[in-house]
Amino acid sequence: MSSKSREYMFGATVRHLAERAKEARLTADTAACQAWNARMLAFQGPAQPSPPLGDAGNAGFRYLEVKCLWLRGRPGGRPRLALKA
């Protein structure tokens, strides 16, 4: 007497739930980055806490704008860094 494997019985469910979790993470990361951007614009300055770089990359924000006190007074002192995926 043979029984069905666990992969056969639960594989589709596990894959479906993993895909839903991935979509939920993407939605949450995007919302966190958009909320942080709105706080930065509203308060015209640093808003803490900022989302982690991994969350920003996962949400599709591929460029990071860095502001530094040392670079503030220099011409062209706003470098853009590309995040590697």
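Just the heavy atoms: all of them, side chains too, but no hydrogens, waters or symmetry mates, feed the values below.
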Pairs satisfying side chain to side chain donor-acceptor pair (under 3.5 Å), at least one member in residues 17-29, at least two apart | D29-N58

Is there any side chain to side chain donor-acceptor pair (under 3.5 Å) pair reaching into residues 33-48, and which pairs are they, with sequence neighbours excluded?
-> none

Test side chain to side chain contact (heavy atoms under 4.5 Å, CB included) applied to L26 - qualifying residues, sequence neighbours left out | T30

Heavy-atom pair of closest approach, residues A56 and C33 | CA-SG, 3.6 Å

